[in-house]
Protein chains: 2
Amino acid sequence: MERVTLSRRKRPLSNEVCDRIVNDYIANGNVKPGSLLPSEKELTAKYDVSRVTLRAAIKSLHDRGLVSVRNGVGATVLPRPPVSSKIVHHLERLASLDKAASEAGKLLETEDLKWGESIVTPEISTKLRLPVGDPVYFVQRSKILDEARIAWTIDWLPTTIIDLDLIRSEFKGSLLDALLQHSELELNYADLEIVPQILNSEIAEHLGTPTGGPVLYLDTVVYGAAGQPDIWGQVWVLPEHVRFFIRRHMQF
Amino acid sequence: MERVTLSRRKRPLSNEVCDRIVNDYIANGNVKPGSLLPSEKELTAKYDVSRVTLRAAIKSLHDRGLVSVRNGVGATVLPRPPVSSKIVHHLERLASLDKAASEAGKLLETEDLKWGESIVTPEISTKLRLPVGDPVYFVQRSKILDEARIAWTIDWLPTTIIDLDLIRSEFKGSLLDALLQHSELELNYADLEIVPQILNSEIAEHLGTPTGGPVLYLDTVVYGAAGQPDIWGQVWVLPEHVRFFIRRHMQF
DNA sequence: AAGTGGTCTAGACCACCTG
DNA sequence: AGGTGGTCTAGACCACTTT
């Protein structure tokens, strides 16, 4: 019995249990990839939680790609995803490139940072659903890893959602991370389109590389809880330094 | 009261309820984007299910990007994702390009189909964890949409998981779809790496286009329930005809 | 037959939002 | 204060896998 105290608890109990299972069985290799976790019955007894709660924890492990679960068999620990010295950016979760870098033990630096106000063009209008000609904020900058320019970014945001000077003062490299701090914005999900492109002269100049090479263009619209678009982000990333991964699941 | 019969039911009740909500409120526009669904209390009464079951259905709606849910407020119907005349391939679920095409009302045709047996190279060895020099099956083909070549594909698979002639006889355009029919393989998830490339002469020849243009290279390893790699797929797709989307969620 | 996960229920308490 | 969603429990029955 190792009951987690119910009082003064912030995180859901199922999250707590999920982390405990990772620590107790997976991270330290107590249960090796290919082997089974203890049964749900044993785990409910060990952590003194209901089966519903335990199953929520197992579901999280599955969603994170750590185990696969089979009826009548149990939960098998899966091998870790490939690791690399490059930054590995997992696209299935809404997180910034800066966060992916710091998880790889690297620091992304920001250069050529420029904040400003512009006018809504037809293209911005389709992305942010704002009238053409209205004012719109933008932020542009390049990202540096180990003294190499690896990405060029422009973000557009409606003037109505937040004060530009406020977010500017809170900016520490990632606009997304700064805006996520404002829970009142209720940023909720994003639609990301992935397009391979050839480096044109404009982007190549920002990145300080020759034109003609391959570049990954990521077009992201971040939506709030009511489904209204709140940020339109455009990023061009050089593939030499960042690997883009998605873990795709079977479902339904 | 519209209780779903419990007997002779195959699908989970929560799935049933999920679809009913889509049909009764979302698909027909009875609740417009930006408006709230009825409360959980009302919905449990309407469908005569427990709150746990209803919440599982709401969770599915959220995972599918149809609603956002706020504590103390309710579930807001979200606007539909962007539509397009191109094929839209959603990468967060494990599904074939052929399926994405058919969901867009298009038919992907297959040309230059070739089945064969080869020898494990060092690169194949790292992907499929097979000894170098062992035999391995491969399938290569190009995909045609509206008489245009849009993709070139090679899949590699261990000789041990299935008989090549069997899967060949069941092949209807998509190797993944054919293998997914074999539930004994327990295909479970896939790690997809996304790389922008410049068309080289080999791939350009397969695609019948000039070299030097942008192409999206998708490197996929499909894993079984025990975490063993079962398929290594390499796909080069021309961006003119297919749009690649991911809906990224906030989590934890 | 025994053990595993898959699903469902009824009821409870809490946190959050709105008037 | 009242309604909404967020979490948790104990117990039940079913489907699947293994012995």
Side-chain angles (χ1 to χ4, degrees), chain A residues 1 3-18 20-21 31 35-62 67-77 183-186 188 224-226 250-252, chain B residues 1 3-18 20-21 31 35-63 67-77 183-184 186 188 224-226 250-252:
Chain A
M1 292 290 211
R3 173 177 276 281
V4 182
T5 40
L6 282 161
S7 57
R8 261 176 279 136
R9 177 165 43 80
K10 302 171 192 172
R11 294 170 56 208
L13 187 51
S14 56
N15 259 16
E16 194 77 35
V17 172
C18 178
R20 299 278 290 265
I21 295 175
V31 178
S35 299
L36 292 170
L37 288 180
S39 71
E40 294 183 353
K41 193 178 174 189
E42 289 175 78
L43 291 173
T44 53
K46 175 172 169 68
Y47 297 119
D48 192 22
V49 295
S50 74
R51 198 166 154 229
V52 175
T53 302
L54 182 85
R55 283 182 59 75
I58 301 276
K59 176 69 160 47
S60 290
L61 296 177
H62 173 260
V67 302
S68 83
V69 187
R70 282 172 287 180
N71 194 344
V73 180
T76 306
V77 175
S183 56
E184 77 275 11
L185 292 177
E186 298 183 300
N188 193 259
M250 296 288 309
Q251 219 113 347
F252 296 98
Chain B
M1 294 290 208
R3 174 176 276 281
V4 182
T5 39
L6 283 161
S7 57
R8 260 175 279 138
R9 177 165 44 80
K10 301 171 192 175
R11 293 169 57 206
L13 187 52
S14 56
N15 259 15
E16 194 77 36
V17 172
C18 177
R20 300 277 291 263
I21 295 174
V31 178
S35 299
L36 293 169
L37 288 179
S39 71
E40 294 183 353
K41 192 178 173 190
E42 290 175 76
L43 291 173
T44 52
K46 175 173 170 68
Y47 298 118
D48 192 22
V49 295
S50 76
R51 198 166 152 227
V52 175
T53 302
L54 183 83
R55 282 181 61 76
I58 301 277
K59 177 69 162 47
S60 290
L61 296 177
H62 173 260
D63 289 346
V67 302
S68 85
V69 186
R70 281 174 287 180
N71 195 343
V73 181
T76 306
V77 175
S183 56
E184 78 275 11
E186 297 183 301
N188 193 259
M250 295 288 311
Q251 221 114 348
F252 296 98

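Just so it is clear: chains get the letters A, B, ... in the order the sequence lines come, proteins before strands, and each one is counted from 1.
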Short side-chain N/O contact from A:T53 to OP1 or OP2 of D:dT7, under 4.0 Å: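 No, because none of the side-chain N or O atoms of A:T53 sits under 4.0 Å from OP1 or OP2 of D:dT7.
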Nearest whole angstrom, please: distance from the [atom2] of [N] to the [atom1] of [X].
X	N	atom1	atom2	value
B:I58	D:dT7	CD1	P	14 Å
B:K59	C:dT7	NZ	P	13 Å
A:L36	D:dT18	CG	P	10 Å
B:D48	C:dT9	CG	P	8 Å
B:L54	C:dG11	CG	P	17 Å

Among A:D48, A:I58, A:L54, A:L43, side-chain contact (heavy atoms from CB on, under 4.5 Å) partner for A:V17: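 Going through A:D48, A:I58, A:L54, A:L43 one by one, the side-chain contact (heavy atoms from CB on, under 4.5 Å) with A:V17 is satisfied by A:L54 alone.
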All N/O pairs under 3.5 Å across the protein-nucleotides 3-6 of chain C interface:
| from | atom 1 | to | atom 2 | distance (Å) |
| --- | --- | --- | --- | --- |
| C:dG5 | OP1 | A:E40 | N | 3.3 |
| C:dG5 | OP2 | A:E40 | N | 2.9 |
| C:dG6 | OP2 | A:R55 | NH1 | 2.7 |
| C:dG6 | OP2 | A:R55 | NH2 | 3.0 |
| C:dG6 | N7 | A:R51 | NH2 | 2.6 |
| C:dG6 | O6 | A:R51 | NH1 | 2.9 |

CA sep, side-chain torsions, deciding dist, call: B:I21, B:L61, side chain to side chain contact (heavy atoms under 4.5 Å, CB included): CA-CA 9 Å; B:I21 295 174; B:L61 296 177; 3.7 Å; yes
Partner residues of B:V31 under the side chain to side chain contact (heavy atoms under 4.5 Å, CB included) criterion, sequence neighbours left out: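 B:Y25, B:S35, B:L37, B:V77.
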Residue list, side chain to side chain contact (heavy atoms under 4.5 Å, CB included) with A:L36, at least two apart or on another chain: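 By the side chain to side chain contact (heavy atoms under 4.5 Å, CB included) rule, A:L36 matches A:V73, A:T76.
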Heavy-atom pair with the smallest gap, counting every atom of B:C18 and B:A57: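 Looking at all heavy atoms of both residues, the shortest contact is N-CB, 3.7 Å.
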